[in-house]
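These notes concern the structure reproduced below.
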Amino acid sequence: MHDPRVLLDPTTDAVRKLARRGFHLDVESLEKLLASRNSAIHRGDEARAEAKRTAAAVRSATTEERPALVEQARELKAVVTAAETETRQLEAQLQDVLLGIPNLPADELPDGASDADAEVVRSWGEPTAFDFTPLDHADLGERLGILDLARATKLAGPRFAVLRGKGPALERALARYFLDLAAEHGYLEFSVPTLVNRETMTGTGQLPKFEQDLFKTGVGDRELYLIPTAEVPLTNLHARETLAVEDLPLAYTAHTPCFRSEAGSYGKDTRGLIRMHEFSKVELVRIVDPARSREELEVLLGHAEAVMRGLGLAYRVVKLAAGDIGFSAEFTYDIEVWLPGQQRYREIASASDFGTFQARRAGIRTKAKDGTRGFAATLNSSGMPIGRTLVAVLEQGQQADGSVRIPEALVPYTGFDVLTPD
RNA sequence: GGAAGCGUGGCAGAGCGGCCGAAUGCACUCGCCUUGAAAGCGAGAGACCCGCGAGGGUCCGGGGGUUCGAAUCCCUCCGCUUCCGCCA
């Protein structure tokens with residue numbers, strides 16, 4: 001969420017920045033709304049101050065003066081109540097408007113609105129060359145007997161997966177490897193709820209605008225949302241808290257299931273494990289001094305890249321286009337892994353700098369030694385999703401005989417170094 | 001799910017319906033003292049909102065009510081603790 005005064009300050013250049021992501025900022029109506037809210041607050045404050053003085057006067061008043069003062073106090077109270085009602089309404093309106101305004105994309109991002117407009121920053125590793133026609137992970141998985149998508153559909157519908165045998169073992173190995181790397185990089189591991197309340201979802205920006213992307217559960221009058229990523233609980237751990245600047249950066253990680261409705265992606269990636277309603281992921285979150293957020297993003301990206309390099313997976317890093325970054329982000333790098341089955345790079349992780357946007361929503365405040373107060377900056381990156389990494393491991397590791405070579409770094413976790421067809 | 005109790009500042013813990021944003025202690029900040037530290041002494045210090053500022057307002061779990069006036073009274077919701085039941 002933006003500070004409306006900053007947003008309306010011409011030097012912020014918000015209108016132009018938001019236009020890059022196709023959002024039209026209605027400056028006039030926002031200004032009007034802000035001004036009327038402020039004047040309602042002011043009016044209420046004035047009347048309340050007067051009412052307090054009058055109430056104090058009642059006490060020392062003589063019996064004759066008393067009735068008139070009491071009457072006056074009653075009238076003032078009516079004014080206060082009216083101003084408060086108006087303030088509440090205007091405040092709610094302002095909140096509605098502000099919660100719907102996306103973050104300002106950084107100027108360094110390329111123009112454009114799709115992944116085709118992303119700018120390649122660097123590539124690592126060679127797209128695997130095969131002297132046979134590589135299979136995609138779905139075929140590989142079925143042949144190896146570790147993946148059963150048909151039965152998953154029977155259980156829950158499309159976009160769910162069943163893994164069997166060495167499949168789940170590999171999943172578990174990946175998760176442990178990711179978590180161990182995260183620990184090496186200084187991340188504190190958490191185990192968090194995967195079902196969270198509305199406020200938490202609002203803090204990181206999933207709500208109110210993207211309700212249709214989430215799964216929701218309800219029992220009686222209770223409503224909880226299934227997290228689409230551990231970013232949500234991890235970032236909100238410090239919601240409505242004040243953090244000492246000298247304690248930053250905080251680096252947190254968690255391995256959780258993630259649930260996404262994938263509304264609006266009908267027909268996309270219908271095959272295999274690329275786009276699931278449920279998948280598991282190790283997430284990395286950093287809560288940092290906003291003055292250092294862009295440097296911290298580089299650090300975070302480095303940690304995510306280390307995972308890919310550790311597994312020996314060919315990948316590239318791209319800078320997303322201004323119109324393609326998420327609602328809450330101001331800068332995003334994607335890591336794209338090479339998928340031989342598709343003969344292209346596919347997104348596997350996003351590393352984003354949210355500036356103070358999420359912190360304002362969630363109320364993650366900072367206090368410096370000299371007493372200066374502000375909001376923290378939040379960052380996050382996958383580090384990595386288990387399913388998509390498994391896809392890459394299978395596809396990049398496949399061999400002519402239909403077996404799959406397991407990356408060396410994983411062998412200590414799996415206890416096997418090759419997957420062979422049943 | 002049933003019963004009882006409790007929710008006050010970073011923590012602990014006072015608080016007759018007006019003099020309470022709130023005693024006191026600890027922790028904290030700055031001075032003095034000390035070779036240094038501790039102790040001791042002195043001073044200071046809450047958060048949030050509106051305002052260029054002066055200043056004003058809000059906040060004693062949340063919401064509502066009574067009253068000229070509520071941390072204090074009433075209702076309600078939430079949370080915590082203990083006991084019972086149920087369960088992994």
Side-chain angles (χ1 to χ4, degrees), chain A residues 1-12 30-99 191-203 217-225 233 236-248 250 257 356 358-376:
Chain A
M1 189 165 62
H2 295 287
D3 175 344
R5 276 166 305 204
V6 172
L7 202 62
L8 291 170
D9 183 338
T11 63
T12 304
L30 182 58
E31 259 166 0
K32 256 174 74 183
L33 187 53
L34 185 65
S36 42
R37 177 198 67 149
N38 290 353
S39 86
I41 289 175
H42 192 66
R43 235 178 310 132
D45 284 357
E46 294 281 284
R48 207 180 294 104
E50 182 62 25
K52 281 172 82 168
R53 278 191 291 273
T54 310
V58 168
R59 198 162 180 232
S60 49
T62 63
T63 335
E64 300 83 71
E65 298 169 334
R66 223 180 152 88
L69 281 172
V70 167
E71 183 50 33
Q72 194 189 336
R74 282 214 178 94
E75 282 163 16
L76 282 166
K77 198 196 175 176
V79 176
V80 171
T81 307
E84 277 175 346
T85 306
E86 196 182 334
T87 301
R88 242 197 310 274
Q89 272 168 7
L90 291 167
E91 185 67 47
Q93 269 181 50
L94 183 63
Q95 281 292 312
D96 274 1
V97 171
L98 289 175
L99 284 173
S191 173
V192 289
T194 48
L195 222 43
V196 300
N197 58 32
R198 191 172 175 88
E199 203 177 3
T200 299
M201 280 295 182
T202 306
T217 67
V219 175
D221 56 355
R222 285 194 79 185
E223 276 192 345
L224 293 170
Y225 295 84
N236 280 289
L237 280 172
H238 293 294
R240 280 155 280 121
E241 290 182 15
T242 300
L243 307 170
V245 171
E246 59 270 23
D247 291 340
L248 304 179
L250 301 177
T356 58
Q358 291 182 326
R360 284 181 180 282
R361 292 179 158 241
I364 306 171
R365 297 170 179 277
T366 58
K367 184 179 183 179
K369 267 267 198 272
D370 67 3
T372 313
R373 293 179 168 274
F375 289 95

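Below, all heavy atoms of this structure are taken into account, side chains as well, without hydrogens, waters or symmetry copies. In what follows, chains carry the letters A, B, and so on, assigned in the order in which the sequence lines appear, proteins first and then strands, with residues in each chain numbered from 1.
Checked against salt bridge (Lys or Arg N to Asp or Glu O under 4.0 Å), A:Asp3 has the following partners two or more places apart in sequence or in another chain: A:Arg5. Taking A:Thr11 as the reference, A:Asp9 meet the side-chain hydrogen bond (donor to acceptor under 3.5 Å, both in side chains) condition, with sequence neighbours excluded. Here A:Glu91 pairs with A:Arg37 under the side-chain hydrogen bond (donor to acceptor under 3.5 Å, both in side chains) rule; sequence neighbours left out. Every residue meeting the side-chain contact (heavy atoms from CB on, under 4.5 Å) condition with A:Thr200, not counting sequence neighbours, appears here in chain and number order: A:Val196, A:Asn197, A:Val232, A:Asn236. Remark: A:Arg198 engages A:Glu211 in a salt bridge (Lys or Arg N to Asp or Glu O under 4.0 Å) (not counting sequence neighbours). Residues meeting the side-chain hydrogen bond (donor to acceptor under 3.5 Å, both in side chains) test with A:Thr372, sequence neighbours left out: A:Asp370. Applying the side-chain hydrogen bond (donor to acceptor under 3.5 Å, both in side chains) rule to A:Arg365 yields no partners; only residues at least two apart in sequence or on another chain are considered.
Between the C1' atoms of B:rC83 and B:rU66, the separation comes to 36 Å (whole Å). Of the C1' atoms belonging to B:rG56 and B:rC6, the separation is 36 Å, rounded to the nearest Å. A gap of 24 Å separates the C1' atoms of B:rG9 and B:rG5, to the nearest Å. B:rC77 and B:rC84: their P atoms are spaced 26 Å apart (whole Å). The same atom, P, is picked in B:rG55 and in B:rG7; the two are 37 Å apart, to the nearest Å. Separating the C1' atom of B:rU67 from that of B:rG18 is a span of 11 Å, rounded to the nearest Å. Atom name C1', nucleotides B:rC86 and B:rA3: the rounded distance is 16 Å, in whole Å.
Mapping A:Ile41 and A:Lys367 onto RNA chain B by nearest heavy atom places A:Lys367 at the nucleotide closer to the 5' end.
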Could you give the side-chain donor-acceptor pairs of residues 50-58 of chain A under 3.5 Å, partners two or more places apart or in another chain?
unit_1  : atom_1 : unit_2  : atom_2 : d
A:Glu50 : OE1    : A:Arg53 : NE     : 3.4
A:Glu50 : OE1    : A:Arg53 : NH2    : 2.9
A:Thr54 : OG1    : A:Glu50 : O      : 2.8

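For the pair A:Thr202 and A:Leu99, the minimum side-chain heavy-atom distance is below 4.5 Å.
Against RNA chain B, the stretch residues 75-89 of chain A makes heavy-atom approaches under 4.0 Å through A:Lys77. For the segment residues 43-57 of chain A, residues with any heavy atom less than 4.0 angstrom from an atom of RNA chain B are, sorted by number, A:Asp45, A:Arg48, A:Ala49, A:Lys52, A:Ala55.
Note that the first and last nucleotides of RNA chain B, 5' to 3', having any atom under 4.0 angstrom from a heavy atom of chain A are B:rG18 to B:rG69.
A 3.5 Å limit on both hydrogen-bonding distances identifies B:rC32 as the Watson-Crick or G-U partner of B:rG40. Using Watson-Crick or G-U wobble geometry with both donor-acceptor distances under 3.5 Å, B:rC80 finds its partner in B:rG5.
Residue pairs meeting the salt bridge (Lys or Arg N to Asp or Glu O under 4.0 Å) criterion with at least one partner in residues 79-88 of chain A, sequence neighbours excluded, are A:Arg43-A:Glu86, A:Arg48-A:Glu84.
Taking CG of A:Leu243 as the reference point, atom NZ of A:Lys367 lies at 12.5 Å (rounded to 0.5 Å).
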